[in-house]
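Any value given below was found using the heavy atoms of this structure, including those in side chains, with hydrogens, waters and symmetry copies removed. Throughout, numbering of the chain's residues begins at 1 and tracks the sequence.
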Amino acid sequence: MRVIRDATLADGRVRDVRLADDGTIDAVGEALDGETTIDADGRLLLPGALDVHVHFRQPGASQKETWATGSRSAAAGGVTTVVDQPNTDPPTTSGDAFDAKEAFADDSLVDYGINGGVTEDWDPDSLFARPLFALGEVFLADSTGEMGIDADLFADAVARAADADVPVTVHAEDATEFDESVLPRGTESRAESGSEPGAGARERDDVAAWSAYRTADAEIAAAERTVEVAGDADAQVHLAHTSTPEAVDIAREGGLTCEVTPHHLFRSTDDYEELGTFGRMNPPLRSEERRERLFERLVDGRVDVVATDHAPHTRAEKDADVWNAPSGVPGVETMVPLLLAATRETELTVERVRDVTARNPADIFGVESKGRVAEGYDADLALYDLDDATEIAGADLHSKCGWTPFEGDAGVFPEWTMRRGAVVWDAAEESFGDANGENVRGS
């Protein structure tokens, strides 16, 4: 057996971690015996992250990302499990579509889950017969893939998922709350600005018009509706990519769980001038004041999960005007590095980073073998040197799209990443392991 010697865990304890030959953790303790030793030399050992919200674009858009390139990017960022969303081409709305996507997932270096989607012509019977990670993201407004559905279909889908004992993740934006009026810069709704309806936001050509159009109110209203539907169906519901502090509070008070993305934690409408249309995503960036309050909720425990909504597009696709550029940014490789760098300068703790990237997503979605550095768990691990922050550069990352909205930010990247005891990323050698990722829900 191999032993990782003198690793600092998230809570500050220095321990040895012995790895069993079957890819699990045999023991965590002091002065453990082993046939070979990996010297951590006091550096930080975290459980591999579970990114429960990625878009790896296959089938249908392999020019943006593939399971091979996306999973390499994940491994290089300390992520050992990813969950792919259904808005591919074709969408994952039937058993056959699920099977086709899982065939692409054979190229994954890391473990994975596959979510099912909802459209007017979905086939829930065949879909629920497959090993779904969750149903969703269920889109309450159109985004990439145009899978927005109406209120009745949403309620029916949530009820069907509850009957099948499948969790639901929701893209919470209410399109009836999209604001067509011109708003003063720095505000996100007519209620905030005191303005009257005027010329439509679509008559503007500045990038901030996207946040003016897909308002914070749209997310808040959809979150409130989601709480009602979840309660009626007695369903387990998770709010995806929550961008407002209000929606986080609604989820918490309403018995839902929620995730927040790195781009909503580290970017705001103040960054549009630098990002241009490369900063367009759904839900959009919010004001700096809202971003700060969202980050406070991450620090104090009200945010359950950080997930990336990794949604890559090519540079050519993003280099368009605000109304024609596609929505979405890459992020699977930079999530944990950004959060760890933030522990050096903010009140965010390493334990919170561990919880929101590994322990909580594993617990919420019932992935019982992952999310902890503990005996019996999968040896999904990543080693970090908190004193070695580097400058993030899109050219150094491994997503096929080749760019990042976090260019120039500090990140603490893993020295190596293990999936089930096998090294899938070695930074010193700049080498990847084999594509042996498995579906965490089984076959």
Side-chain angles (χ1 to χ4, degrees), residues 52-53 83 85-87 93 115-120 122 124 127-128 132-143 145-179 188-192 213-261 264 282-284 286 290 293-294 297 301-305 307 309 360-361 363-366:
V52 296
H53 195 137
V83 178
Q85 304 303 308
N87 56 331
T93 55
N115 281 4
V118 182
T119 57
E120 290 288 345
W122 73 312
L127 195 59
F128 287 128
L132 292 180
F133 188 86
L135 184 68
E137 56 186 297
V138 178
F139 292 86
L140 300 189
D142 278 338
S143 188
E146 298 183 354
M147 291 179 66
I149 61 174
D150 63 28
D152 289 341
L153 181 54
F154 173 53
D156 180 66
V158 171
R160 283 177 174 266
D163 289 342
D165 197 27
V166 172
V168 181
T169 68
V170 176
H171 179 127
E173 286 186 286
D174 182 346
T176 67
E177 293 288 335
F178 289 175
D179 200 327
E188 298 170 351
S189 70
R190 285 196 297 271
E192 288 180 344
Y213 177 61
R214 295 181 82 118
T215 67
D217 292 345
E219 178 175 272
I220 293 165
E224 291 172 340
R225 174 61 179 153
T226 300
V227 168
E228 295 175 1
V229 171
D232 290 343
D234 193 24
Q236 179 189 346
V237 176
H238 177 77
L239 285 189
H241 46 49
T242 311
S243 67
T244 63
E246 295 92 336
V248 170
D249 295 344
I250 290 166
R252 193 166 190 82
E253 293 166 6
L256 312 184
T257 55
C258 72
E259 72 192 39
V260 173
T261 70
H264 291 120
N282 301 329
R286 304 301 181 190
R290 271 199 167 98
R293 288 197 285 137
L294 199 64
R297 284 156 174 76
R302 282 177 282 178
V303 169
D304 299 295
V305 171
D309 191 11
N360 291 355
D363 289 350
I364 289 167
F365 290 99

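- Here the shortest heavy-atom pairing between Ala230 and Val237 reads CB-CG2, 3.5 Å.
- Judged purely by atom type and a 3.5 angstrom limit, Thr215 uses its side chain to pair as donor or acceptor with the backbone of Glu177.
- For Ala216 against Thr244, the heavy-atom pair with the smallest separation is CB-CG2, 3.8 Å.
- Annotation: the span from Leu256 atom CG to Thr242 atom OG1 amounts to 9.5 Å, rounded to 0.5 Å.
- Rounding to the nearest 0.5 Å places CG of Asn87 at 11.5 Å from OG1 of Thr119.
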Verdict with reasoning, Phe154 to Val118, per side chain to side chain contact (heavy atoms under 4.5 Å, CB included): CA-CA 8 Å; Phe154 173 53; Val118 182; over 6 Å; no

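- The closest side-chain heavy-atom distance from His171 to Asn282 is below 4.5 Å.
- No donor-acceptor distance shorter than 3.5 angstrom exists from the side chain of Arg225 to the backbone of Ala221, with no hydrogens or angles considered.
- Counting only distance, with no hydrogens or angles, the side chain of Asn115 and the backbone of Pro86 share no donor-acceptor pair below 3.5 Å.
- Look at Asp249 and Arg302 and you find a salt bridge, because one of the NZ, NE, NH1 or NH2 atoms lies within 4.0 Å of a carboxylate O, short of that distance.
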Might you work through the side chain to side chain contact (heavy atoms under 4.5 Å, CB included) test for Val305 and Val303, ending with a clear yes or no? CA-CA 6 Å; Val305 171; Val303 169; 5.8 Å; no

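- Relative ring orientation between Phe365 and Phe133 is described as tilted, the plane-to-plane angle lying within the 30° to 60° band.
- His241 contributes atom NE2, which lies 8.0 Å from atom NE2 of His264 (distance to the nearest 0.5 angstrom).
- Contact of the Gln236 side chain with the Val166 side chain is not registered, since no non-hydrogen atoms from C-beta on lie closer than 4.5 Å.
- The distance from atom OG1 of Thr261 to atom CG of Asp309, rounded to the nearest 0.5 Å, is 7.0 Å.
- What you find for Cys258 and Ala251 is that their closest heavy atoms are CB-CB, 4.1 Å.
- The distance from atom CG of Leu135 to atom CH2 of Trp122, rounded to the nearest 0.5 Å, is 5.0 Å.
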Pair Glu246, Val248 - check side chain to side chain contact (heavy atoms under 4.5 Å, CB included), show working. CA-CA 5 Å; Glu246 295 92 336; Val248 170; over 6 Å; no

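- Screening Glu173, Arg214, Glu219 for a side chain to side chain donor-acceptor pair (under 3.5 Å) with Ser243, the sole residue that qualifies is Glu219.
- The shortest heavy-atom contact between Asp174 and Ala222 is N-CB, 3.6 Å.
- Atom CG of Asp150 has more than 12 neighbouring heavy atoms from other residues, nucleotides or ligands inside a 6.0 Å radius.
- No side-chain heavy atom of Val158 sits less than 4.5 Å from a side-chain heavy atom of Arg160.
- Between Thr257 and Arg252 there is no side-chain heavy-atom pair separated by less than 4.5 Å.
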For Glu259 and Thr169: C-alpha separation, side-chain torsions, deciding distance, then whether side chain to side chain contact (heavy atoms under 4.5 Å, CB included) applies. CA-CA 10 Å; Glu259 72 192 39; Thr169 68; 5.8 Å; no

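- For the pair Ala307 and Val52, the tightest heavy-atom approach, listed with the atom from each and the gap, is CB-CG2, 3.9 Å.
- For the pair Ile250 and Glu224, the tightest heavy-atom approach, listed with the atom from each and the gap, is CD1-CG, 3.6 Å.
- Not one N or O on the side chain of Glu137 forms a donor-acceptor pair closer than 3.5 Å with the backbone of Leu239.
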